[in-house]
Amino acid sequence: MEHSRLLELLGEMSLEEKINQLFQGNSMFYEEDGIATGPASQQGFTEKTIRETGTVLGIIGAAKVKKIQKEHMENHPHHIPLVFMADIINGCRTVFPIPLAQGAAFNPELAKTGAEVAAREASASGIQVTFSPMADLVRDARWGRVMESTGEDTYLNSRYAEALVRGYQGDDPKQPGKIGACVKHFAGYGAPTAGRDYNNAELSERTLRDDYLPAYAAAVKAGALMAMTSFNTLNRIPSSANRWLLRQVLREEMGFDGALISDWAAIEEIMNHGMAADRREAAKLALEAGTDIDMMTTCYSNHLKELIESGELSEALLDTSVLRVLELKNRLGLFENPYKDADEEAEKRLILCQEHREKAKNAAKETFVLLENNGILPLKREEKTAFIGPYVEEKSMLGAWSIFADPEDTVTIREGVTSYGANALFASGCSVLDPQTSIMGMSELYKNAKTQTDLDELLGEAVDTALRADKVVLCIGEHVAQSGEAASRGDITIPECQKKLLREVARVNKNLVAVLFNGRPLDIREIKSLAKAILVVWMPGTEGGNAITEVLYGKTSPSGKLPMSFPCCVGQVPVFYNEFKTGRPNDAQSKNRFLSRYLDIPNEPLYPFGYGLSYTGFTISPVRLDGNTLTQEGTLTASVTVKNTGKRRGAETVQLYIRDDAGSVVRPVRELRGFQKLWLEPEEEREIRFEITAELLKFHDIHMKYQAEPGSFTVFIGNDSRTQNQAAFTLL
């Protein structure tokens with residue numbers, strides 16, 4: 001539809017119609033026979049609001065979507081189509097590893113492929129917009145939603161955010177098999193105080209701009225059709241009511257021109273935060289701030305008309321938001337094709353097809369991080385290996401936001417190992433969670449609760465199985481519902497029944513490999529002390545069992561690197577690699593008490609950002625620079641030679657870090673500014689080059705000017721964030 005026609009349509013709409021375009025409902029308002037007014041009336045929604053609503057979330061299925069869309073357009077005064085949205089985070093029905101795991105691949109193209117697969121399945125099922133990517137920077141492992149981010153680094157997150165947008169939307173989201181992307185949560189949601197979800201984020205403007213905003217900006221630059229506000233306050237203002245954040249930063253500075261939606265009930269929560277006296281005031285503050293769509297509250301639908309008619313809000317302000325919603329529908333091609341790609345036959349053909357499963361398996365293999373290995377891995381097919389632990393036959397390893405996937409479609413470790421033809425024994429040993437454990441609001445996800453008597457019997461069977469094996473692979477970790485939204489944890493260890501299983505199995509068989517399932521970094525000190533190898537597999541998705549089997553048996557060498565530091569214990573968090581020196585930097589060898597350090601634990605994480613081993617070995621040559629000075633307009637090339645010194649094909653992720661040695665404000669000890677992942681055959685070597693420009697050196701200086709300051713810099717190139725392989729140059 002031509003833009004002029006959109007303006008005409010806007011002019012033809014009544015005030016109520018326009019207001020209702022800004023309401024987003026969900027599946028509870030729709031039944032087989034159309035609108036369900038019962039739940040609507042109970043929550044204060046009118047039938048007229050639902051009949052004229054602009055968008056809906058959580059409805060999936062080609063036939064269902066087409067039926068609802070048809071009835072909606074027939075009943076709408078101007079026959080305006082709905083937009084169907086949903087949380088398609090790491091796959092629709094074919095599930096890829098969780099986003100944090102994808103960050104471990106250090107391969108944004110892998111995420112792009114996953115987004116393409118998700119878009120194909122979701123669009124055939126009627127979904128037109130996904131609430132992804134989550135570009136929140138995360139540094140506190142207590143926060144459950146770290147699983148939805150790609151990690152603790154600004155540069156890495158930025159590359160993933162733009163890749164995900166390209167994967168979902170392609171060159172044109174109107175095209176078949178594409179859906180709109182919605183970058184979230186704007187802004188600073190990944191820094192909740194005390195790691196507690198929905199809590200305040202206390203960030204200086206410089207920290208916000210240098211560390212937290214760039215990944216959102218990358219998604220906006222990549223063309224994300226939508227953005228979502230965050231639940232948190234920033235500078236003590238709820239994001240949905242933060243005019244500076246939404247109008248100046250997001251729209252004026254970043255150039256975002258799409259539709260901005262609140263998170264679930266976030267406009268109403270302006271009142272809960274204490275900034276608004278009631279829903280009426282909350283609606284006024286949110287629309288003034290620039291929040292276009294009200295997700296699942298009556299704030300806009302029940303109060304905007306009165307606010308406009310009283311003169312407290314201008315109708316022009318409303319029109320601006322409504323036009324953005326209409327433009328969203330136009331960008332998706334819904335005025336010409338309201339069902340877009342919803343197609344029952346395509347749905348059957350695409351969902352869980354072999355091509356998608358193969359891509360999910362390949363992605364999973366690339367995300368696994370080998371933390372320890374004394375030579376016990378890879379396994380040999382003929383040796384008798386006992387696979388023990390609650391995750392041996394667990395199918396719920398998709399991640400907390402895989403809401404449309406069926407765990408029954410997941411390949412378990414037992415299924416993967418059995419189909420591989422390995423000489424294996426199996427025992428569960430315990431349940432995932434301790435007896436009587438309650439995960440609030442998630443009890444339906446935990447169906448295999450065990451009594452203490454059950455656990456004692458399972459433990460005995462596991463010990464007996466371990467005694468009969470040459471090696472043991474212990475499959476342990478968090479429950480899927482222990483990470484994700486509203487899953488903040490003060491204790492980030494594995495459940496006690498699993499700790500007991502670990503100790504008892506290790507007592508009778510020292511040849512122990514730990515395979516760790518998790519949605520966040522965990523405290524794994526005890527696992528480290530007892531296992532000869534540790535493989536982090538995160539929540540690996542639909543093909544998890546096959547992928548894990550192939551890596552354990554050496555068909556593929558693990559190549560993942562940690563996208564978040566694993567703390568020594570929860571007392572360290574938030575812990576991340578690019579911290580500041582402080583005025584009294586720690587020296588582990590010093591006896592001086594008065595340094596920035598703990599008395600009882602080290603400063604350093606147990607495993608740092610960027611760390612990960614392989615089944616082969618690599619050497620990286622000293623850093624070579626093609627000059628020792630860089631101009632503001634010039635380019636400096638840093639290079640190293642990487643060699644596979646082992647006997648297996650493997651991948652190494654070569655990481656470029658840069659330190660600004662002295663700035664007008666304190667600068668981090670180092671910052672990731674490039675990475676390249678390469679696969680090498682045994683004895684193969686290759687030169688890797690990085691181009692360094694002044695753009696990579698910019699930050700907000702003491703006057704909040706974004707620039708690269710002249711001075712000395714140190715370049716580090718290595719295989720994790722601790723590398724000391726360095727060279728120096730000067731920016732003129």
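Treat the numbers as computed from the prediction; the structure is a model and nothing was measured.
The number of heavy atoms from other shown groups lying within 6.0 Å of NZ (Lys221) does not exceed 12. For Arg206, the CZ atom counts as densely surrounded, since its 6.0 Å shell holds more than 12 non-hydrogen atoms of other residues, nucleotides or ligands. Arg279 CZ: 12 or fewer foreign heavy atoms inside a 6.0 Å radius.
In this structure, Arg251 fails the cation-pi test against Phe256, since its NZ or CZ atom is not both closer than 6.0 Å to the six-membered ring centre and inside 45 degrees of the ring normal.
Judged as a salt bridge (charged side-chain N to carboxylate O under 4.0 Å, His left out), and not counting sequence neighbours, Asp491 has no contacts. Glu252 is linked by a salt bridge (charged side-chain N to carboxylate O under 4.0 Å, His left out) to nothing, counting only residues two or more places apart in sequence or in another chain.
In this structure a side-chain-to-backbone donor-acceptor pair under 3.5 Å is missing from Asn586 to Leu595. Thr150 places no side-chain N or O within 3.5 Å of a backbone atom of Gly103 that could act as its donor or acceptor partner. No donor-acceptor pair closer than 3.5 Å links the side chain of Ser321 to the backbone N or O of Asp292. Here the side chain of Gln169 pairs a donor or acceptor atom with the backbone of Ala181 at under 3.5 angstrom. Checking side-chain atoms of Arg520 against main-chain N and O of Arg142 turns up a donor-acceptor pair under 3.5 Å. Panel note: side chain Tyr155, backbone Pro214; no donor-acceptor pair is recorded below 3.5 Å. At distances below 3.5 Å, at least one donor-acceptor pair connects side-chain atoms of Arg525 with backbone N or O atoms of Cys568. Side-chain N or O atoms of Ser149 include none that pairs as donor or acceptor with a backbone N or O of Arg145 at under 3.5 Å. Proximity of a side-chain donor or acceptor of Gln498 to a complementary backbone N or O of Gly477 within less than 3.5 Å is detected. Between the side chain of Ser314 and the backbone N or O of Leu317, at least one donor-acceptor pair lies under 3.5 Å.
Using cut-offs of 30° and 60° on the angle between ring planes, the pair Phe23 and Phe29 is tilted. Aromatic ring pairs are classed by plane angle as parallel below 30°, tilted from 30° to 60° and perpendicular above 60°; the pair His700 and Tyr706 is tilted.
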*Would Asp87 and Lys184 count as a salt bridge (charged side-chain N to carboxylate O under 4.0 Å, His left out) if you check the C-alpha gap in whole Å, the side-chain angles of each, and the deciding distance to 0.1 Å?*
CA-CA 11 Å; Asp87 291 276; Lys184 63 184 186 183; 3.4 Å; yes
_Quick one, Thr53 with Asn20, criterion side chain to side chain donor-acceptor pair (under 3.5 Å). Give me CA distance, side-chain angles, the key distance, then yes/no._
CA-CA 5 Å; Thr53 187; Asn20 290 334; over 6 Å; no
_side-chain contact (heavy atoms from CB on, under 4.5 Å) assessment of Val536 paired with Leu522_ = CA-CA 10 Å; Val536 175; Leu522 296 174; over 6 Å; no
_Between Lys499 and Thr493, does the side chain to side chain donor-acceptor pair (under 3.5 Å) criterion hold? Intermediate values first, please._
CA-CA 9 Å; Lys499 293 179 187 176; Thr493 60; 3.1 Å; yes
_Checking Tyr598 against Gln572 for the side-chain contact (heavy atoms from CB on, under 4.5 Å) test, could you report, in this order, the C-alpha distance in whole Å, the side-chain angles of both residues, the deciding distance, and whether it holds?_
CA-CA 9 Å; Tyr598 301 101; Gln572 288 181 322; 4.2 Å; yes
*Would Glu152 and Ser565 satisfy side chain to side chain donor-acceptor pair (under 3.5 Å), going step by step from the backbone distance to the final call?*
CA-CA 8 Å; Glu152 72 181 49; Ser565 302; 3.1 Å; yes
_Assess the residue pair Leu250 and Tyr216 against the criterion (side-chain contact (heavy atoms from CB on, under 4.5 Å)); give the C-alpha distance rounded to whole Å, side-chain angles, the decisive distance to 0.1 Å, and a yes or no._
CA-CA 9 Å; Leu250 179 61; Tyr216 305 117; over 6 Å; no
*asked:* Checking Ser402 against Asn90 for the side-chain contact (heavy atoms from CB on, under 4.5 Å) test, could you report, in this order, the C-alpha distance in whole Å, the side-chain angles of both residues, the deciding distance, and whether it holds?
replied: CA-CA 7 Å; Ser402 301; Asn90 53 301; 3.8 Å; yes
*Stepwise, does the side chain to side chain donor-acceptor pair (under 3.5 Å) test hold for Tyr657 with Gln655?*
CA-CA 7 Å; Tyr657 298 87; Gln655 302 159 41; 2.5 Å; yes
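To the nearest 0.5 angstrom, His303 atom NE2 is 11.0 Å from Ile19 atom CD1. Within the model, atoms CG of Asn200 and CZ of Phe231 stand 15.0 Å from one another, a figure rounded to the nearest 0.5 Å. How far CD1 of Ile89 is from CZ of Phe131: 9.0 Å, rounded to the nearest 0.5 Å. The distance from atom CZ of Arg247 to atom CG of Leu260, rounded to the nearest 0.5 Å, is 9.5 Å. Atom CG of Asn232 sits about 12.0 Å away from atom CD1 of Ile237, to the nearest 0.5 Å. Between atom CG of residue Asp211 and atom OG1 of residue Thr154 there is a gap of 4.5 Å, rounded to the nearest 0.5 Å.
A salt bridge does not link Arg667 with Glu709: every distance from a Lys NZ or Arg NE/NH1/NH2 to an Asp or Glu carboxylate oxygen is 4.0 Å or more. The pair Arg324-Glu327 fails the salt-bridge criterion, with no side-chain N (NZ, NE, NH1 or NH2) lying under 4.0 Å from an Asp/Glu carboxylate O. Taking a cutoff of 4.0 Å between a charged side-chain nitrogen and a carboxylate oxygen, Glu312 and Lys284 do not qualify as a salt bridge. Ionic pairing of Arg139 and Glu579 is not present here: no N-O contact between side-chain nitrogen and carboxylate oxygen is shorter than 4.0 angstrom. Taking 4.0 Å as the cut-off between side-chain N and carboxylate O, Arg280 and Asp278 do not count as a salt-bridged pair.
Between Tyr189 and the choices Asp197, Asp136, Asp263, the side chain to side chain donor-acceptor pair (under 3.5 Å) rule is met once, by Asp197.
When only modelled atom types and interatomic distance are considered, Ser204 and Thr207 share a side-chain donor-acceptor pair under 3.5 Å. Side chains of Thr229 and Ser240: a donor-acceptor N/O pair is present below 3.5 angstrom, by distance only. The closest side-chain donor-acceptor pair between Glu671 and Asn578, if any, does not fall under 3.5 angstrom.
Here the side chains of Thr297 and Met295 are not in contact, with every heavy-atom distance at 4.5 Å or above. Under the 4.5 Å side-chain criterion, counting only non-hydrogen atoms from C-beta, Met228 is not in contact with Ser262. Two residues are said to be in side-chain contact when any heavy atoms from C-beta on lie closer than 4.5 Å; Lys112 and Leu164 fail this criterion. Residues Met564 and Leu100 form a side-chain contact, since some pair of their non-hydrogen atoms from C-beta on lies under 4.5 Å apart. Counting only heavy atoms from C-beta outward, the side chains of Glu315 and Lys18 approach each other to under 4.5 Å. Between Glu478 and Ile494 the shortest side-chain heavy-atom distance does not fall below 4.5 Å. For the pair Phe404 and Ile88, the minimum side-chain heavy-atom distance is below 4.5 Å. Phe699 is listed as a side-chain neighbour of Val665, based on a closest heavy-atom distance under 4.5 Å.
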Side-chain donor/acceptor pairs under 3.5 Å, residues 602-612, sequence neighbours excluded:
from: Asn603; atom 1: ND2; to: Ser596; atom 2: O; distance (Å): 2.8
from: Tyr607; atom 1: OH; to: Glu372; atom 2: OE2; distance (Å): 2.6
from: Tyr611; atom 1: OH; to: Leu371; atom 2: O; distance (Å): 3.0

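When all heavy atoms of Ala481 and Ala487 are compared, the pair lying nearest together is O-CB, 3.9 Å.
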